Amino acid sequence: MATIITKEQQEKEKMVTLVSSDSEKFVVEQKVAEKSHVIKMVMNCCGIESPIPVRRVKGDILKSILEYCEKHSKGEAQEVMEKWDKEYMDKAEKDLVFFHDLMLASHFLHIQELVDLIAVTFAGMLKMKSPEEIRQKFNINNDLTKEQEEHIMTTFGWAFQPI
Amino acid sequence: MATFMDGETSWESHSYTSWESHAASQQACEAADYQTGLEIHGRNDGGLRISLEAILPDDILEKIFSFMPIACVVRLASVCSRWYRVVHSRSSWTTALPQKPWYFMFTTSDCVGGHAYDPSVRKWYNITLPCDVKSNWISSSSCGLVCFMENDKSNEIHVFNPLVKGWKSLHGPPGGDNPDYSALAMSANRKSSVYTVTVAKSKQVPGDFLQWEFSIHIYESESCCWITPVREVFMGWRGGDESVVCNGVLYCLIYATGIVGTADFRHGLIMYDLSVRSHGSSLKRNSIPVPCSLTCGRLMNLKDRLVMVGGIGKPDRPDIIKGIGIWELCKKEWREIARMPHRFFQGFGEFDDVFASSGMEDLVYIQSYGSPTLLVFDMSQKQWRWSVRCPVPKRFPLQLFTGFCFEPRIEASC
């Protein structure tokens, strides 16, 4: 009896297969995949019977993103979600390359909540650092023109006042 | 399965066939950025280091910047030229959430220097206003722009953004008769640089102490023209210097000039819909009385809600205040939102019964004229909080402090 219910449930919860750029396959519920606006569009027009290739996104990133989408499709209490989001971000920001890839992929897949979450975390990383520290951490060349530098210092000198 | 690998029903074909072309091309651009970025990373950095500058597309940068205090964003503009471009492009800010409003306090009496308080980082910045205005002039502010006018001289109005250089001077409304009182209000469009300035003038009718001519003048920055849709004579009432635009409606406080009967009815509120542009029924007849005997009444637009802050007078001595209240106008009825707790009210020291208040978004700033102390009320959290102490102390006993609230926006221009 119990097995029959499970079977029925399985049929109820429509599953879809997503394939990452490195050919890793992920089978998830449709409502989880729908968290991505882009995948939702694809499913709407082409159905969910065939696997959907997510060519731009590598397996480890897609796995992490689907983990987020699954958690966020459950409709849990706000406090629970906030705590989970924080832990999710704490883990992600440890590896900068992974973190950047996650940002680009969530942006590419149009998962607005996740883009916002990563952007807030990113903003927190940049907020307390000086421009020079940021250039070093993220390997950026200072290519400002003299005019741009002058404009910043003459008009926005106040922003550089010590606390 | 092979068909998917071949790409017949691939990502691109799905997207290009099924989406609106705009969405598809946007995706394609993003995808292109993404790939180019990774190629740069692989080629230049040996795959180990990553260049954020190279791979983060502009719209992601905009997103990240939109979650930061404005001073941080300004500092980030000096990281590299692309970040500079993103920070200073107008489009970056049109969709961003508004920043928490700042409070500018005039801290020197002889020049336009002062300090601006950012509540999100609880910090004061030493700022010089771009334009020569005086602390005792009347002002109004909207979407990053501020306008100033000398109290009883409405022939010149200065418009500027406190955070950037440059300003514009408007000729006041035609018919340059010096009014006895004038009120200034401004309303700017968040997405474009279009703004409206209103001046409400009050002039005593010669030879009649009871009659006051009240007129409303509207300036549109698009047409650079003034119109005067309202002229009305009030009996026993006059306009003052307090007005605000909220949801396209101009609100002005009016004051009883005749012999005071009931203290409660010394102040009233009139409303004029700026989109109507014609003067039908009497403004005075449709006025709304204020909820109690009021001093230092100020009107403000907090997220398109009309809010009034004022001192609550003692029933027998309306000029002495027993507290400070905040009200919101809901369907022509005043609803009390908050009353300043006693410990904060006492915290101003010699309160002098005169104070300034100003607000927008979720915040109301209240300051005593007699000291640089600043109190902040957060409407969303219903919370009172002192600002961090202003770095400029009071230097002489009769020094007066005033200021104005504005939204910090570096791209707003007049």
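Per chain, numbering begins at 1; letters A, B, ... match sequence-line order. Note that this is a predicted model, so its numbers are computed, not measured.
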Handout entry: Segment of A:Met103 engaging chain B (4.5 angstrom heavy-atom cut-off)
Key = both
Practice task
Answer yes or no: is there an ion pair linking A:Glu76 with A:Lys71, defined by an N-O contact shorter than 4.0 Å?
Solution key: yes
Exercise for the section: Report the option among B:Thr128, B:Val74, B:Leu76, B:Asp118 that has the most heavy-atom pairs separated by less than 4.5 Å from atoms of chain A. Expected result: B:Val74
Handout entry: B:Leu163 versus chain A, the contacting section by heavy-atom distance below 4.5 Å
Key = both
Problem - Close side-chain approach of B:Phe148 to B:Cys131, heavy-atom, < 4.5 Å - result: no
Handout entry: Segment of A:Gln148 engaging chain B (4.5 angstrom heavy-atom cut-off)
Key = both
Practice task
Let me know if A:Asp116 has heavy atoms under 4.5 Å from chain B in its side chain, its backbone, both or neither.
Solution key: both
Problem - Heavy-atom check, side chain of B:Glu361 versus side chain of B:Lys100, under 4.5 Å - result: no
Practice task
Please answer whether the main-chain N or O of B:Gln383 pairs with a side-chain N or O of B:Asp378 as donor and acceptor at a distance below 3.5 Å.
Solution key: no
Problem - Greatest number of heavy atom pairs closer than 4.5 Å to chain A - which of B:Ile60, B:Ile127, B:Val164 - result: B:Ile60
Exercise for the section: For B:Asp132 and B:His158, test the side chains for any donor-to-acceptor distance below 3.5 angstrom and give the result as yes or no. Expected result: no
